[in-house]
Amino acid sequence: MKIRTIAAVLILPVISIAALCVPYGCLGKQETADDPANALYRDASLPVEDRVSDLLSRMTLNEKCGQMALVERMFLKQDDHIREYGIGGILSGGGSAPHPNTPGSWIGMIDSFQAMALSTRLAVPIIYGSDAVHGNNNLAGAVIFPHNIGLGATRDPKLVEDIGRITAIEMTGAGMHWNFAPCLAVPQNERWGRTYEGYSEYAPLVSELGIAYIRGLQGPLNVNEPVSVIASAKHYLGDGGTLNGKDRGNTIATEEKIREVYLAPYKAAVKAGTKSVMVSFSSLNGKQMHAHRRFITDILKGELGFEGFVVSDWGGIDFIAPRYRDCVRESVLAGIDMVMIPDKYEEFLLTLKALVTEGDIPMERIDDAVSRILRVKFSSGIFETPYAEKSTARLIGCEEHRIKAREAVSKSLVVLKNRNNILPLSKKIKSIFVAGKSADSIGNQCGGWTLTWQGLSDTTIPGTSILEAIRNAVSPATRVSYSENGTGGKGHDVAVVVIGELPYAEMYGDKENINLSVVDADAVDNCRKEGLPVVVILVSGRPMIVTDYIAGWDAFIAAWLPGTEGAGVADILFGNVKPSGKLPYSWPKNSAQLPVNYGDEVYEPLFPFGFGLTFQ
Ligand code: BGC
Ligand code: BGC
């Protein structure tokens with residue numbers, strides 16, 4: 001006994017000095033006297049707050065810092081770094097998928113990361129995040145819904161809630177826990193490349209649909225919900241208000257406008273229980289949001305009472321200051337709880353730890369951040385069911401989900417012109433001439449954030465193109481021909497010309513002018529030259545300038561970015577469904593007029609916010 005005590009006195013200091021010498025100790029090998037296997041925090045019957053404080057009280061500084069790290073899967077140098085550093089979350093950036101891109105590979109990958117996390121001393125599970133912004137779009141075979149701009153046109157919160165639910169099922173079936181959605185931007189200038197990610201230019205509509213989506217995604221709160229995915233309302237705050245619509249730019253606004261337009265949807269989302277909020281790359285009145293303590297800590301967490309955690313955007317803290325150390329300090333002090341690093345996690349962890357041990361970040365701030373992350377992990381049931389819910393994998397891309405997406409497409413289309421009631425077309429019409437670069441491109445229909453970050457015109461994603469949908473809708477006797485550039489249509493009864501934008505995401509979509517391209521205008525003209533009446537369908541992430549052309553068109557439909565289910569477009573063309581979509585954005589007359597928004601003192605758009613025709 002005595003000898004053991006003496007040995008302990010001699011050896012323990014040596015061990016702890018050795019531990020100090022290792023700049024960042026190996027968590028997996030640490031042991032403590034009490035066995036966490038029977039710890040309070042493991043008891044699912046206890047209130048979440050009791051579990052959080054018990055677990056927090058057992059954690060070392062290394063373990064706490066690890067929880068605050070969010071790493072992209074491609075940058076993980078070794079899988080066992082999850083164990084070694086006790087990393088809190090892993091993500092997929094746009095298009096970052098395992099090979100082959102199947103539910104089985106996703107489950108295998110995420111579950112193996114999870115096994116690493118669970119093999120740590122305290123066995124705190126990771127959460128795996130992904131941008132499932134219009135369905136589970138990083139997963140091949142998932143149903144792709146219309147982008148938010150189209151959902152804004154539906155004005156249908158129940159539908160948006162169902163889409164949130166289906167997305168949760170298709171994510172859970174691939175092992176993912178956390179969705180970087182919904183985007184609660186209130187885009188004010190269609191020059192912005194992310195306009196299509198926002199439901200509307202009108203904040204009350206963004207709030208209504210945003211909370212419906214959160215309800216669907218997360219499921220009923222405080223219920224043991226088997227399919228529940230953590231939402232992330234983004235990008236806080238003012239991402240849609242930047243000057244000239246510049247992505248990651250500066251939003252200049254009065255306190256009154258900030259609250260009424262940009263903050264309102266977050267107020268609603270916090271009330272609806274969103275479990276995380278992502279910070280915007282943009283600045284607010286010249287101050288970077290990633291360092292905005294007043295808006296993150298005082299207003300979001302204080303005034304609005306947000307109890308979940310705040311996550312930074314992709315490397316978003318790196319732009320705060322020239323020195324990385326200052327970036328980490330300012331962002332964490334501003335109130336960011338989890339940092340989407342996404343690459344240099346070793347440097348981040350060393351820096352964060354040094355800032356705490358050197359007194360530049362108080363331990364209370366770290367404890368607050370980690371408590372918030374743990375609260376979400378506990379309340380989402382991830383401690384109890386850390387591994388993939390394989391039973392929902394068979395539902396990915398299923399018929400029922402596609403039917404819902406098709407319904408969303410038909411409800412999202414906005415009919416802007418219908419001269420002499422040319423629409424709906426008869427299914428028994430003798431011949432239809434289909435033209436335009438987006439008539440036979442599921443990739444163009446889907447837009448950005450589809451299998452890749454930027455999206456692709458050519459994609460192997462299963463679905464129905466608009467051309468195919470037209471072919472399926474008409475009677476067998478109807479002749480359907482197709483020519484991309486619109487030449488050769490002579491003798492057909494009508495032309496359906498599907499034009500618009502090629503896929504893009506984020507800053508790659510910023511455009512000074514949003515005019516129709518010459519190629520598109522020519523495709524329509526070529527049909528008109530042959531004397532055909534033309535029905536123009538615009539597939540785009542925003543309104544485009546059609547002022548000089550529309551007089552010559554017989555019908556004009558804004559189809560936004562409808563996703564994989566082109567049949568919803570045919571449902572409107574042939575009158576299976578009466579159009580009900582209403583413009584979620586004002587339709588500008590010309591690019592020089594931008595920004596033009598509902599409520600402007602001088603308001604002279606081509607079509608006003610809320611416009612949309614129907615059939616008799
Ligand atoms: C990633 C995206 C991310 C972007 C940020 C890309 O490489 O795939 O997910 O949004 O970088 O710049
Ligand atoms: C985007 C976010 C996205 C993140 C992860 C960023 O570049 O701004 O919307 O969630 O990347 O892909």
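We count ligands from 1, going down the list as the structure has it; atoms in each ligand are counted the same way. The figures here come from the full heavy-atom set of this structure, side chains too, leaving out hydrogens, waters and symmetry mates.
Using a 30° and 60° split on the angle between ring planes, Y128 and F113 fall in the parallel class, below 30°.
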Test side-chain hydrogen bond (donor to acceptor under 3.5 Å, both in side chains) on N444 and K437 and set out the steps. CA-CA 9 Å; N444 288 358; K437 65 171 188 273; over 6 Å; no

Could you check E197 against H147 for side-chain hydrogen bond (donor to acceptor under 3.5 Å, both in side chains), going step by step and ending with a plain yes or no? CA-CA 6 Å; E197 295 189 58; H147 267 297; over 6 Å; no

Report the C-alpha distance between E506 and R248 in whole Å, list the side-chain angles of each, state the deciding distance to 0.1 Å, and finish with yes or no for salt bridge (charged side-chain N to carboxylate O under 4.0 Å, His left out). CA-CA 9 Å; E506 300 191 47; R248 307 185 176 191; 3.4 Å; yes

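Surrounding CE of M74 are at most 12 heavy atoms belonging to other residues, nucleotides or ligands under 6.0 Å away. The number of heavy-atom neighbours closer than 6.0 Å to OH of Y598, taken from other residues, nucleotides and ligands shown, is 12 or below.
At a heavy-atom cutoff of 4.0 Å, ligand 1 is contacted by the side chain of W449 but not by its backbone.
With ligand atoms numbered from 1 in the order given, ligand 2 contributes 1 (C), 2 (C), 8 (O), 9 (O) to contacts under 4.0 Å with heavy atoms of R194. The contact set between ligand 1 and R248, taken as ligand atoms under 4.0 Å from a residue heavy atom, comprises 5 (C), 12 (O). Within ligand 1, counting atoms from 1 as listed, the ones closer than 4.0 Å to a heavy atom of G94 are 1 (C), 2 (C), 8 (O), 9 (O). Distances below 4.0 Å separate heavy atoms of E506 from the following atoms of ligand 2: 1 (C), 6 (C), 7 (O), 8 (O). Short contacts between ligand 2 and W314, defined as distances under 4.0 Å to a heavy atom of the residue, involve ligand atoms 6 (C), 7 (O), 11 (O). Short contacts between ligand 2 and F180, defined as distances under 4.0 Å to a heavy atom of the residue, involve ligand atoms 10 (O). Within ligand 2, the atoms closer than 4.0 Å to a non-hydrogen atom of K234 are 2 (C), 3 (C), 9 (O), 10 (O), numbered from 1 in the order shown.
Checking E190, E501, E201 one by one against R542, the salt bridge (charged side-chain N to carboxylate O under 4.0 Å, His left out) holds for a single residue, E501. Paired with E303 under the rule salt bridge (charged side-chain N to carboxylate O under 4.0 Å, His left out), one option of R294, K267, R259 passes, and it is R259.
Scanning the protein heavy atoms around atom 9 (O) of ligand 2, the nearest turns out to be H235 NE2, 2.7 Å. Looking only at heavy atoms of the protein, atom 4 (C) of ligand 1 is closest to W453 CZ2, 3.4 Å. For atom 10 (O) of ligand 2, the closest non-hydrogen atom of the protein is D131 OD1, 2.6 Å.
Between S92 and ligand 2, no N or O atom pair is found at a separation short of 3.5 Å. Backbone and side-chain nitrogen or oxygen atoms of M507 are examined, and none is located within less than 3.5 angstrom of a nitrogen or oxygen of ligand 1.
Both tests do not hold together for K344 against W314: distance to the six-membered ring centre under 6.0 Å, angle to the ring axis within 45°.
Within the 4.0 Å heavy-atom shell around ligand 2 one finds F281.
Two rings, from Y196 and Y504, have their centers less than 6.0 Å apart.
Of the candidates N179, D313, L91, D313 brings a heavy atom nearest to atom 2 (C) of ligand 2.
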